[in-house]
Amino acid sequence: MSGLQNSGAETPADRARSAERPLIVLKQTVLVAALILLPLFYTLVPPLEDYPNHLARMQALASIPGNSFLSRFYEVEWAPIPNLIMDLIVPPLVPFFGVYAAGQIFVGLTLLLMLLGPMLLHRTLDGRWSAWPLVGGLFVYNGFLFTGLMNYLFGVGVAVLGLAVWIRLCGKPLIMRGLASLAFCAVLYVCHLSALGLYGLGIASFEFWRLWTHKAWKPAPLLRSALALGVPFLPFLYLLVRSPTWGLSHDVVWESQGKLEAITLFFSVYSDATDIPLLILIAIAIGIAVKRGLVSVHPAGLIVACTLTVAFLAMPRVAFGSWMADQRLVVGIFFMTLGFISVGLRRLEGHNAFFAVCLVAVAFRVVDVSAHWVAISQPLLELKSSLRLMPEGSRLLVTEADDPAEAAIDVALSHAPTLAVIERSALVSRLFVVPGKQILHARPPYGGHVDTEDGDTPRISRVIVDSNEEGASADGPHYWDKWPDFYDYLIVLGTDPDETANPAPDLLQIARIGRGFQLYKVRKAS
């Protein structure tokens, strides 16, 4: 690549690296990719916190034109919202694969993008394919994935690919670089604003390094770089200002704590008993490699990592109404920096040994995830099955126990009631229909009865108090006020399986008691 690699005869170091033959690296990549996709075959609905809610929206988007119930409850208002990539990819797949398989395809694409992005970036910088970035397969399953930040994580993979293309086009005509960047900006804008910002900081940091090392501080090269960097972002700044999301620009929350928690969340899976030993082994391996001089970092990578770290420290916790705005940058920092790191696998034996250790570690991680997903999915599927007790077109109010559990199972169930949209074409109070964040909205007759502010799930005791006009007037109004007159069913999440008491026998009739939930039919006044 122009400006980044030396031309001429192959050096001894180059010949030493020939142990990593492209065909071998390709086979190893396919093997690791297949391994990280394996957990998706163990469950119909991956137990990712927000994922069922997103999946239910996909069903609504795909079905509204031909579903009388959903078209009565919901409507689609297309707008240039920077949170649309799943909305664009999944609904067209639903008629061919069904919504559950279409969602699994999207999750699989997200995992593959995070795995392959650093590989392409490393190939662009180093000039050779290497198995080293496959170590990223250890961390495609992370706490942010389990939170369900699907659009952003998809965007992380695209952002790393975009940086690789930007580097590849160094020295090419300005128009070529600008058009390529424009294309990536378009995709990243519909992924997530944070993903677009990650890409912008990445290419700006690399461009600064390139100009610094080439001492290209004359007006002409500076102007070309400024135009190539800035112009592709301008149309999307305009779209953002014109979009409903701009109305959330005031929704900013700063928190001084939580930065270290973000790092822990990224590296953790489900169990300290498996996470800690694995991280210790990785730290030991890195220490040995550094001591033997096997690890090198491209100097541009240091600039990129420092820039992203400063952004991570400076970002608010909530920006444009998006929670974890700062913490989620940890994912981008890791996968973008990974592509700038090289490990000198000088001998074929060393290459094979590295890959064997990497494969075993990834397999260990995948088995851990798969085992937990199988366990977590049982109550989730039980809840999904229970929702079929409701007639089609029912209205479901989602509540939470007064003292809810916080185990992984209960977190996975937190948005599972929205599967009623898929199973029974239902109106669900907690479906994501927030103006400025989603294009799916509740129709006017129903908008006042569902959560349009992305708030917390109400506690059951609070909902019972607000079941009449007097209770609601205390500090209302709330979307659940006078709920017995509107909703047909009510579900309580985070319940103790041993506690089966009906919280309001005069208002509710038990329909199903399951692990971590209780489903009730609302008694209607005669």
Donor-acceptor pair, Asn83 side chain versus His192 backbone, under 3.5 Å?
no

Can you sort out the partners of Thr337 under side-chain hydrogen bond (donor to acceptor under 3.5 Å, both in side chains), two or more places apart, ordered by chain and number?
none

More than 12 foreign heavy atoms under 6.0 Å from CG of Asp403: is that the case here?
no

Ring centres of Phe334 and Phe139 under 6.0 Å apart?
yes

Taking atom CZ of Arg317 and atom CG of Asp326, what is their separation to the nearest 0.5 Å?
4.0 Å

For a 4.5 angstrom cut-off between non-hydrogen side-chain atoms, does Gln438 reach Val433?
no

Got a sec: does the CG of Leu260 have more than 12 other heavy atoms crowding it under 6.0 Å?
no

Do Asn53 side-chain atoms and Asp50 backbone N/O form a donor-acceptor pair below 3.5 Å?
no

Would Asp275 and Arg365 pass as an ion pair if we require N to O under 4.0 Å?
yes

Are the side chain of Arg424 and the backbone N or O of Met390 linked by a donor-acceptor pair below 3.5 Å?
yes

Is the side chain of Ser385 donor-acceptor paired with the backbone N or O of Glu382 at a distance under 3.5 Å, no angle test?
no

4.5 Å side-chain heavy-atom contact, Trp132 and Ile341
yes

Find out whether Val411 and Ile376 are in side-chain contact, i.e. whether some heavy atom of one side chain is under 4.5 Å from a heavy atom of the other.
no

Stepwise side-chain contact (heavy atoms from CB on, under 4.5 Å) test for Lys384 and Leu44:
CA-CA 11 Å; Lys384 171 181 171 290; Leu44 186 66; 3.8 Å; yes

Using the six-membered ring wherever Trp is involved, compare the ring planes of Tyr270 and His372 and label them parallel, tilted or perpendicular (cut-offs 30° and 60°).
parallel

Heavy-atom side-chain proximity of Ile422 to Leu387 below 4.5 angstrom
no

Centroid-to-centroid, Tyr152 to Phe144, below 6.0 Å?
no

So, applying ring pair (Phe, Tyr, Trp, His ring centres under 6.0 Å) with Tyr446, which one of Phe73, Tyr487, Phe69 is it?
Phe73

Under the side-chain contact (heavy atoms from CB on, under 4.5 Å) criterion, do Arg523 and Leu507 qualify, and how do the steps go?
CA-CA 5 Å; Arg523 297 183 187 273; Leu507 298 174; 5.6 Å; no

May I ask you to check whether Trp483 and Asp466 show a side-chain donor-acceptor distance below 3.5 Å?
no

Do Phe320 and Asp251 have side chains that get closer than 4.5 Å, going by heavy atoms?
no

Using atom types as modelled, flag every donor-acceptor pair under 3.5 Å from a side chain in residues 355-363 to any protein atom, sequence neighbours excluded.
none

Nearest-0.5 Å distance that lies between atom CZ in Phe517 and atom OG in Ser414
14.0 Å

Is there a side-chain contact between Leu61 and Gln59 (heavy atoms, below 4.5 Å)?
no

Looking at Val99, is its backbone amide N or carbonyl O close enough to the side chain of Gln104 to form a donor-acceptor pair, meaning the two atoms are under 3.5 Å apart?
no

Do other residues, nucleotides or ligands put more than 12 heavy atoms under 6.0 Å from the CZ atom of Arg515?
no

Any donor-acceptor pair under 3.5 Å from Thr43 side chain to Val45 backbone
yes

Closest contact, heavy atoms only, Leu396 versus Pro417
CD2-O, 3.8 Å

CG (Leu201) and OG (Ser194) are apart, to the nearest 0.5 Å, by 10.5 Å

Run the ring pair (Phe, Tyr, Trp, His ring centres under 6.0 Å) check on Tyr479 and His449 step by step: do they pass?
CA-CA 4 Å; Tyr479 66 83; His449 299 281; 9.1 Å; no

Roughly how far apart are Met119 CE and Gln28 CD, rounded to 0.5 Å?
8.5 Å

Non-hydrogen atoms of Phe335 and Pro118 that approach each other most closely:
O-CG, 3.3 Å

Given the rule in the side-chain contact (heavy atoms from CB on, under 4.5 Å) test, do Leu248 and Val434 qualify, once you have shown the distances and angles that lead to the verdict?
CA-CA 11 Å; Leu248 301 173; Val434 181; 5.5 Å; no

Pair Tyr141, Leu111 - check side-chain contact (heavy atoms from CB on, under 4.5 Å), show working.
CA-CA 8 Å; Tyr141 288 101; Leu111 298 177; 3.4 Å; yes

Would you say Ser63's side chain and Ala60's backbone share a donor-acceptor pair under 3.5 angstrom?
no

Think Lys437 forms a cation-pi with Phe432, using NZ or CZ under 6.0 Å from the six-ring centre and within 45 degrees of its axis?
no

Kindly say whether Ile491 contributes a backbone atom to a donor-acceptor pair with the side chain of Thr399 at under 3.5 angstrom?
yes

Can you tell me how far the CD1 atom of Ile439 sits from the CD atom of Glu77, to the nearest 0.5 Å?
10.0 Å

State which residue, out of Val140, Val158, Leu145, fulfils the side-chain contact (heavy atoms from CB on, under 4.5 Å) condition with Leu153.
Leu145

Would you say that Ser243 contacts Tyr189 through its side chain, given a criterion of any heavy-atom pair below 4.5 Å between the two side chains?
yes

Pro244 versus Ile81: any side-chain heavy-atom pair under 4.5 Å?
yes

Given 3.5 Å as the limit, does a donor-acceptor pair link the side chain of Asp488 with the main chain of Ser394, or not?
no

Calculate, to the nearest 0.5 Å, the distance between atoms CG and CD belonging to Asp496 and Gln518 respectively.
9.0 Å

Residues Val374 and Tyr42: closest non-hydrogen pair is CG2-CD2, 3.9 Å

Are Arg459 and Asp402 within salt-bridge range, i.e. N to O under 4.0 Å?
no

I'd like to know whether Phe154 forms a ring pair (Phe, Tyr, Trp, His ring centres under 6.0 Å) with Phe106, so could you lay out the CA-CA distance, the side-chain angles of the two residues, the decisive distance to 0.1 Å, and finally the verdict.
CA-CA 9 Å; Phe154 189 99; Phe106 183 82; 5.2 Å; yes

Tell me whether the count of non-hydrogen atoms from other residues, nucleotides or ligands lying under 6.0 Å of CD in Glu392 goes above 12.
yes

Cationic tip of Arg443 within the cone over Tyr74's six-membered ring, i.e. under 6.0 Å and within 45° of the normal?
no

If only atom types and distance count, is the side chain of Asp87 paired as donor or acceptor with the main-chain N or O of Met58 below 3.5 Å?
no

